[in-house]
Amino acid sequence: AVTTRPSMAHPVVSALCPDLTFAPVKALTERRMSGRIKSFNYSTGYGFISCPELYSTFGSDTFLHRAQIGNFDVEQHVTFTVLSNKDNKVCCARPPGGPA
């Protein structure tokens, strides 16, 4: 069902995994996404990474917190890992890596 309706992936995982479930290390070290830093507001401390694959599944860009941006700039292509945040939105889980 998830392959035919990818938008259901996040709600299904959220329903099946309790809040205290931790992501496997493999998810944070081996599965990196690629995208482009779409925006970042230094005043508010957050921005977004554009990743077509994640957007088609979750319907939103990937949240990027000030602790994750490092030395990267808007429009730069990066690789990154993701988790869901408290609002069930995808967010950058580890600092972006080099060019995608």
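Computed from a predicted structure; not experimentally measured.
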Peer 1: Measure up the Phe40 and Tyr42 rings against each other and bin them: parallel (under 30°), tilted (30 to 60°), perpendicular (over 60°).
Peer 2: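 Phe40 and Tyr42: perpendicular rings.
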Peer 1: Is it the case that one hydrophobic cluster holds both Val78 and Leu54, taking links as side-chain heavy atoms less than 4.5 Å apart, direct or via other members?
Peer 2: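 Yes; tracing contacts between hydrophobic side chains, which count when under 4.5 Å, links both residues.
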Peer 1: How far does OG of Ser60 sit from OH of Tyr55, to the nearest 0.5 angstrom?
Peer 2: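 With rounding to 0.5 Å, OG (Ser60) is 7.5 Å from OH (Tyr55).
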Peer 1: Please find the pair of heavy atoms, one from Ser34 and one from Cys51, that lie closest to each other, and give the distance.
Peer 2: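 Looking at all heavy atoms of both residues, the shortest contact is O-SG, 3.3 Å.
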Peer 1: Sorted by first residue and then second, give each salt bridge (Lys or Arg N to Asp or Glu O under 4.0 Å) pair with at least one member in residues 49-59; sequence neighbours left out.
Peer 2: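 Every salt bridge (Lys or Arg N to Asp or Glu O under 4.0 Å) pair that includes a residue of residues 49-59, provided the two are not neighbours, is Arg31-Glu53.
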Peer 1: With rounding to the nearest 0.5 angstrom, report the SG to CZ distance, Cys92 to Phe48.
Peer 2: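 Answer for the SG-CZ pair, Cys92 versus Phe48, is 12.5 Å.
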Peer 1: Could you tell me whether the side chain of Ile69 reaches within less than 4.5 Å of the side chain of Leu64, counting heavy atoms only?
Peer 2: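 In short, these two side chains touch, coming nearer than 4.5 Å.
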Peer 1: To the nearest 0.5 Å, what is the distance between CD on Glu75 and OG on Ser50?
Peer 2: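 Between atom CD of Glu75 and atom OG of Ser50 there are 9.5 Å.
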Peer 1: Using the rule that Ile, Leu, Val, Met, Phe, Trp and Tyr join whenever any side-chain heavy atoms are under 4.5 Å apart, tell me whether Val74 and Phe72 fall into a single cluster.
Peer 2: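 Linked, Val74 and Phe72 end up in one cluster.
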Peer 1: Which distance, rounded to the nearest 0.5 Å, do you find between the CD1 of Ile49 and the CZ of Arg36?
Peer 2: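 Rounded to the nearest 0.5 Å, the CD1-CZ separation comes to 10.5 Å.
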Peer 1: Taking all non-hydrogen atoms of both residues into account, name the closest pair between Asn71 and Gln76 and its distance.
Peer 2: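 What the structure gives for the nearest pair is O-OE1, 4.4 Å.
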Peer 1: Kindly check if the number of other-residue, nucleotide or ligand heavy atoms within 6.0 Å of OH (Tyr46) is above 12?
Peer 2: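 Atom OH in Tyr46 is not crowded, with 12 or fewer foreign heavy atoms closer than 6.0 Å.
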Peer 1: How long is the gap from CD on Gln68 to OG1 on Thr62, to the nearest 0.5 Å?
Peer 2: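 If I round to the nearest 0.5 Å, the distance is 12.0 Å.
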Peer 1: State which residues pass salt bridge (Lys or Arg N to Asp or Glu O under 4.0 Å) with Arg66; sequence neighbours excluded, sorted by chain then number.
Peer 2: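 Scan of Arg66 (salt bridge (Lys or Arg N to Asp or Glu O under 4.0 Å), adjacent residues dropped) gives none.
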